[in-house]
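So that the names make sense, note that chain A is the first sequence line, chain B the second, and so on, each numbered from 1.
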Amino acid sequence: MRNWLLLLVFVPGFLFAQPDSTAAAEDYSQYENLDFADEGAKRYCTSKVLDLSPQKLISVGFDFQGPYELEEAGKGKTNFDYSSGERLQFNIPVISKNSVIVQAGLNYAAQRYSGTADSKAVLGRNLLENGLTTIGLNLTVFKPLNEKRFLLFQGSSDLNGDYSFNKFLNLKFLKYSAALVYGWKMHERLMYGFGLSRTYRVGEMNYIPVFLYNYTAPNRKWGAEVLFPARAHYRRTFSSRSLLLLGYELEGQSYRMNIDGNFSYPNFGNPLTVVAPINGAELRRGELRIRAVFERSIKNFIWISAQAGFRYNYSFNVDEVPNGDFFRGFFGDQTYGMENFLGNTFYSMVSINLVSP
Amino acid sequence: MKNLLLLVLSTFTLFAHSISAQDQGDRIIGIWEPSNGKARVKIEKIGTRYYGKIVWLKEPNDPETGKPKVDKNNSDANLQTVPLKGYRLLKDFNFKSGNEWDGGTIYDPENGSTYDCVITMKDNNTLDIRGFIGISAFGRTDVWKRLQTQKK
């Protein structure tokens, strides 16, 4: 009886032990002609091309701009020794499936100014005292339609102004941006698309066409990352853990400013200038950053990104916007409340990032 | 005799549980295709854990060299000449319970990175493969589909 018991205890172990299938050489040709077990299954294109610069889940950065001046329309002058500020970004994948990818994000950017301003330079004095702050939420949806075609949507709502956490800005001044792109993923190294965007990248609200183009060369040593006109970069890949981007980015927002005083209409230097109090000031800040960006993994998924370049001012004018916003576009003839001159300068930015798998 | 009968019965009950859990876990065994369709992965059981290796590549040869693709992005220089076909990219998964296999890692040959990974079987022919960094929120899910021999 004891032997029977021993048999009962040990036999199942032998019965269910799995052979190590790796022991024998495998005939891989047997895996060539296979179908989906689920007849309704579909293949979809993915959202990236090979070697695309890594997507940042968490980014903590610091931006620095060298000395430059601000000349306000008929008012006064401010000399900034420098401006700088923190930049934080959080991006969390909410839905991540083959058939749809949804990602939500939060960003914070501060710009603090140091320098001296004339007594009449109301904008410059305000910037020196309060700086500029942006807090925003964003959503990105990648919807592949099949193995080749896809839709890409990006939307964001940002609160921009001279506010602080103690003196917060009314949410009615939120600015909304969005872009929708219809694209084609030709192969693992090329995707492109065309679309339309509502954007504040040139400082004021605008509706412009967009062109997406992500490409990696067959030798995987270089490529291009373009979302024109927002940004365009040539990419040099040194390894899977380091790369260099050369190109530009348009950066801008419309900021709600709490400025007291009278402003000149319509334009700087115009002899017909009328002076009147401004009712609701929106600073239209838009700049072009021509830059080199070096990114490198410092440990596993922790990457450092260092960029340097030239910051060229596109717009630093002020509009009078009592409520909501208006569309001027490139051809509108609405006059600015203040037409300002902002000098150009060199800039640099460093960030530590947790990148996506 | 009565005690002996009880012992035999309880032993059988234990084995029945063990067999049942094993059957549940073994549902993952098979050939699977990741969403990008560039590879096919055979998930098999070795000992008590589950592993997955590449058994087919859509583009088997490196376009630059014309030779079979190797793991050239591996951070370990000694492994950069290992062929991708046959490469074990899923490692050390335990069947947890229900429809989940955890405790394993997934390797991405395209960037040479290894991620923590949990596998969830959505239905008999669909796996959610979630690679993540530290905590599951910082991750990405890829959906793999089961393959079978072509119907004639």
Would you indicate whether the side-chain heavy atoms of [Y] and [X] approach each other to under 4.5 Å?
X: B/Asn73; Y: A/Arg220; value: yes
X: A/Glu188; Y: B/Glu59; value: no
X: B/Lys145; Y: A/Asp38; value: yes
X: A/Leu50; Y: B/Glu110; value: yes

Report summary line: Those residues of residues 30-41 of chain B that come under 4.5 Å of chain A on a heavy-atom basis, listed by number, are B/Ile31, B/Glu33, B/Ser35, B/Asn36, B/Lys38, B/Arg40

Report summary line: Output for pair (B/Thr149 OG1, A/Asn33 CG), nearest 0.5 Å, gives 9.5 Å

Query - Spacing of A/Leu52 atom CG and B/Asn111 atom CG [to the nearest 0.5 Å] - result: 12.0 Å

Report task. Please flag which part of B/Ile129 lies under 4.5 Å from any non-hydrogen atom of chain A: side chain, backbone, both or neither. Result -> neither

Requested in this report: Below 4.5 Å from any heavy atom of chain A, which atoms of B/Thr48 appear? Answer side chain, backbone, both or neither.
Outcome: neither

**Report entry** Among B/Trp56, B/Tyr51, B/Tyr115, residue most engaged with chain A (heavy-atom pairs, under 4.5 Å)
**Finding:** B/Tyr115

Please classify the contact of [X] with chain B as side chain, backbone, both or neither, using a heavy-atom distance under 4.5 Å.
X: A/Tyr28; value: both
X: A/Ile58; value: side chain
X: A/Leu354; value: side chain
X: A/Val355; value: backbone

Query - Test item: A/Asn98 side-chain N/O and B/Val143 main-chain N/O as donor-acceptor pair under 3.5 Å - result: yes

Query raised in the report: Has the side chain of A/Ser96 got a donor or acceptor atom that lies under 3.5 Å from a matching backbone atom of B/Arg140?
Result: no

Query raised in the report: Does the pair B/Asn125 and A/Phe36 meet the rule for a side chain to side chain contact (heavy atoms under 4.5 Å, CB included), with working shown?
Result: CA-CA 8 Å; B/Asn125 297 321; A/Phe36 283 130; over 6 Å; no

Query - A/Lys143 atom NZ: more than 12 heavy-atom contacts under 6.0 Å - result: yes

**Report entry** More than 12 heavy atoms of other groups within 6.0 Å of A/Lys148 NZ
**Finding:** no

Query raised in the report: Nearest heavy-atom pair of A/Arg241 and B/Gly112: which atoms, and what distance?
Result: NH2-O, 3.0 Å

Query raised in the report: Are A/Tyr31 and B/Lys42 linked by a side-chain donor-acceptor pair shorter than 3.5 Å?
Result: yes

